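Below you'll find the structure, written out as structure tokens, and then a few comments.
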Amino acid sequence: MDKNSIKEQVLNAFNFRHACKEFDATKKISDDDFNFILETGRLSPSSLGLEPWKFLIVQNEDLRKQLKEVSWGAQGQLPTASHYVIFLTRNKNELSYNSQYVRDMFENVHHMPKEVANAIIEKMEDFQKNDAKVLDSERGIEDWSSKQCYIAMGNMMTSAAMIGIDSCPIEGYHRDSVEKILADANLLDKSKFTVACMTAFGYRKNEPKRAKTRQSMEEIVTFVK
């Protein structure tokens, strides 16, 4: 496939994708297709390669009903989505520069020599304390890591659209309540994780009521020469 064909295919996927409010509950995504979507999330970039995410796939109907009670933005999606993903992100205990998780990632996942890992951790300390200042508050690192989860979420929604699967990103939920439901079900270790965002996947029940609208390129792009 030549470059122009690839560009057309990608843009077609972006135009196809919309925030699907209700799915056809009778249609299920195949295991092969959903594993492909998950793989694009797994391969997504993250700051310093720390992969702060965990993808929780909620297929249990009783659990979905509980989540629906505290998720005003997912009233149509939770009962009908083929797959419902909650993106968990690591917290301050896990992602501070001196945590065991950070060292394990550098040394055991990325196979860095100890001296290289030490040098990166030293730079990471300066970044977290002085550049990004994410250690200044409890939410600082969680907000930093949640941004990275959105990269994975965006890639998963795009890859889904490229194979004709719909999705909807969801932020409309009461976070404390969602975390309590997950913790009570032994699905969330609050000493390590918090909820970053959610996404529903499936096949649209109805076509969008209107064409996709966006600001013009001139309104959002500035070239600095």
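None of the values given here were measured: they were computed from a predicted structure.
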Is there any salt bridge (Lys or Arg N to Asp or Glu O under 4.0 Å) pair reaching into residues 20-36, and which pairs are they, with sequence neighbours excluded? E22-K205
More than 12 non-hydrogen atoms from neighbouring residues, nucleotides or ligands closer than 6.0 Å to NZ on K212, yes or no? yes
What pairs meet the side chain to side chain donor-acceptor pair (under 3.5 Å) rule with one or both residues in residues 52-61, with sequence neighbours excluded? Q59-R64
Which residues, ordered by chain and number, are linked to V224 in its hydrophobic cluster, where ILVMFWY side chains connect at heavy-atom gaps below 4.5 Å, directly or through other members? none
Applied to residues 166-189, the salt bridge (Lys or Arg N to Asp or Glu O under 4.0 Å) test, sequence neighbours excluded, yields E142-R175, D166-R204, R175-E179, K180-D184
4.5 Å side-chain heavy-atom contact, L88 and V195: yes
Approximate separation, where rounding is to 0.5 Å, of H83 NE2 and L38 CG: 8.0 Å
Minimal heavy-atom distance between L95 and P52, with the atoms involved, is CD1-CB, 3.7 Å
Could you grab the distance from atom CG of N35 to atom CD1 of I29, nearest 0.5 Å is fine? 11.0 Å
With a 6.0 Å cut-off (strictly less than), is the heavy-atom count around CD of E125, excluding the residue itself, greater than 12? yes
What are the two closest non-hydrogen atoms of M162 and A13, and how far apart are they? CG-CB, 3.3 Å
Are any of the side-chain heavy atoms of M198 and V58 separated by less than 4.5 Å? no
Smallest separation among heavy atoms of K133 and N130, with atom names: NZ-O, 3.6 Å
Minimal heavy-atom distance between L63 and I181, with the atoms involved, is CD1-CG2, 3.5 Å
Are I57 and F36 linked, directly or through intermediate hydrophobic residues, by side-chain heavy-atom contacts shorter than 4.5 Å (ILVMFWY only)? yes
Any side-chain to backbone donor/acceptor pair from T158 onto N155? Under 3.5 Å, distance only. no
Would the distance check show the side chain of S82 and the main-chain N or O of G202 forming a donor-acceptor pair, the cut-off being under 3.5 Å? no
Any donor-acceptor pair under 3.5 Å from N93 side chain to S191 backbone: yes
Who are the side chain to side chain donor-acceptor pair (under 3.5 Å) partners of N118, not counting sequence neighbours? R103
Between S137 and K92, the two heavy atoms sitting closest are O-NZ, 4.2 Å
Can you give me the closest heavy-atom contact between M156 and I37, atom names plus distance? CG-O, 3.3 Å
Only pairs at least two apart or in different chains count here, so list each ring-ring contact (aromatic ring centres under 6.0 Å, His included) that has a residue in residues 148-173. none
Do any N or O atoms from the side chain of S146 and from the backbone of D143 form a donor-acceptor pair under 3.5 angstrom? no
Residues in side chain to side chain contact (heavy atoms under 4.5 Å, CB included) contact with N98, at least two apart in sequence or another chain: S96
Criterion side-chain contact (heavy atoms from CB on, under 4.5 Å) on I170 and L78, from CA distance to verdict: CA-CA 10 Å; I170 293 162; L78 270 164; over 6 Å; no
Sequence neighbours excluded, the answer for side chain to side chain donor-acceptor pair (under 3.5 Å) partners of N108 is D104
Roughly how far, to the nearest 0.5 Å, is CZ of R90 from CG of L50? 10.0 Å
Hey, could you give me the OG/CD distance between S167 and Q77, rounded to the nearest 0.5 Å? 10.5 Å
Quick one: are K3 and S5 in side-chain contact, heavy atoms under 4.5 Å? no
Which residue pairs pass the ring-ring contact (aromatic ring centres under 6.0 Å, His included) test with at least one member in residues 90-140, sequence neighbours excluded? F127-W144
Mind checking what makes side chain to side chain donor-acceptor pair (under 3.5 Å) contact with T80, not counting sequence neighbours? none
Donor-acceptor pair, Q148 side chain versus P45 backbone, under 3.5 Å? no
Qualifying ring-ring contact (aromatic ring centres under 6.0 Å, His included) pairs, either residue in residues 196-225, two or more places apart: F34-F201
Checking T89 now: which residues fulfil side chain to side chain donor-acceptor pair (under 3.5 Å) with it, not counting sequence neighbours? S145
